[in-house]
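Just below is one structure, and these are the notes that go with it.
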Amino acid sequence: QVQLLEFGGGLVQPGGSLRLSCLASGNIFGIDTMGWYRQVPGKQRELVATITSGGQSNFAEFVRGRCTISRDKAQFAVYLQLYNLQPDDTAIYYCNAAGVETVQGAGANYWGQGTQVTVSG
């Protein structure tokens, strides 16, 4: 059973920074792409940033220039650093692992439970 565990959400003042971490556990052989999405009530979940196993990253336009993403392939972990956060960034942030290879096979997609990020102050 693959599980994604997220850390690092919380309350931050406008202009502040936050680092989100996600660790994947289970009988994992490899993960193609890991990333972060976010969702606010009443809206669809949207991509924030992703990074492939080869290190290629992709960012949503609304975080471009104020976000970095990195991963530790050996630890099946992904990290998201957000800068200059604004109230519009308030959302639940979800970790995603795509193309997960386990003993059962390859190609599965998994989500974390989500971590709340609130920008206010």
Side-chain angles (χ1 to χ4, degrees):
Q1 182 79 14
V2 174
Q3 291 186 321
L4 302 183
L5 190 58
E6 298 130 330
F7 303 92
L11 176 65
V12 63
Q13 292 187 338
S17 300
L18 203 64
R19 176 179 165 92
L20 303 179
S21 302
C22 173
L23 302 179
S25 63
N27 292 322
I28 301 172
F29 297 151
I31 301 176
D32 182 17
T33 301
M34 298 189 77
W36 292 89
Y37 292 70
R38 72 183 190 184
Q39 189 171 22
V40 298
K43 291 189 177 181
Q44 286 190 331
R45 192 171 296 186
E46 59 183 357
L47 178 146
V48 178
T50 59
I51 184 167
T52 68
S53 59
Q56 186 170 9
S57 57
N58 180 43
F59 297 94
E61 189 60 36
F62 57 77
V63 292
R64 200 176 300 275
R66 57 188 188 97
C67 172
T68 61
I69 189 168
S70 60
R71 65 185 283 183
D72 182 332
K73 289 196 294 182
Q75 299 296 323
F76 303 121
V78 64
Y79 308 98
L80 185 73
Q81 180 74 50
L82 296 165
Y83 304 93
N84 191 24
L85 284 160
Q86 300 301 319
D88 283 350
D89 294 313
T90 296
I92 299 175
Y93 284 70
Y94 294 90
C95 178
N96 174 262
V100 180
E101 184 181 2
T102 67
V103 66
Q104 282 86 20
N109 189 43
Y110 294 91
W111 292 94
Q113 292 290 323
T115 183
Q116 177 71 46
V117 172
T118 302
V119 185
S120 178

Quiz prompt | With A24 via side-chain contact (heavy atoms from CB on, under 4.5 Å) - residues at least two apart | solution = L4, I28, I31, M34, F76

Self-check item: Nearest-0.5 Å distance, OG of residue S57 to CZ of residue R71
Solution: 11.5 Å

Quiz item: Are V63 and W36 in one and the same hydrophobic cluster, where Ile, Leu, Val, Met, Phe, Trp and Tyr link if side-chain heavy atoms are under 4.5 Å apart?
Solution: yes

Practice problem: Using the rule that two of Ile, Leu, Val, Met, Phe, Trp, Tyr join whenever any of their side-chain heavy atoms come within less than 4.5 Å, decide whether I51 and F59 are in one cluster. | Solution: yes

Quiz item: Can you tell me how far the CD atom of Q75 sits from the OG atom of S21, to the nearest 0.5 Å?
Solution: 12.5 Å

Quiz item: Hey, quick one: are V100 and L5 part of the same hydrophobic cluster, counting side-chain heavy atoms closer than 4.5 Å, chains of contacts allowed?
Solution: no

Quiz item: Are V40 and W111 connected in a single hydrophobic cluster, I mean Ile/Leu/Val/Met/Phe/Trp/Tyr linked by side-chain heavy atoms less than 4.5 Å apart?
Solution: no

Quiz item: Roughly how far, to the nearest 0.5 Å, is the CZ atom of R64 from the CG atom of N58?
Solution: 7.0 Å

Exercise. State the CD-CD distance between E6 and Q116, to the nearest 0.5 angstrom.
Key: 12.0 Å

Practice problem: Give the minimum heavy-atom separation between C67 and A49, together with the two atoms involved. | Solution: SG-CB, 4.4 Å

Quiz item: Excluding sequence neighbours, so at least two apart, what forms side-chain contact (heavy atoms from CB on, under 4.5 Å) with S25?
Solution: Q3

Quiz item: For the side chain of T50 and the backbone of G35, is there at least one donor-acceptor N/O pair under 3.5 Å apart?
Solution: no

Exercise. Output the distance between atom CD (E61) and atom CG (L47), rounded to the nearest 0.5 Å.
Key: 12.0 Å

Return a table of donor-acceptor pairs under 3.5 angstrom between the side chains of residues 79-97 and protein atoms on other chains or two or more places apart.
from, atom 1, to, atom 2, distance (Å)
Q81, NE2, L18, O, 3.3
N84, OD1, Q86, NE2, 2.9
Q86, NE2, N84, O, 3.4
D89, OD1, R38, NH1, 2.9
D89, OD1, R66, NH2, 2.8
D89, OD2, R66, NH1, 2.9
D89, OD2, R66, NH2, 3.2
D89, OD2, Q86, N, 2.8
T90, OG1, P87, O, 3.0
T90, OG1, V119, N, 2.9
Y93, OH, R38, NH1, 3.1
Y93, OH, D89, O, 2.7
N96, ND2, N109, OD1, 2.9
N96, ND2, Y110, O, 3.1

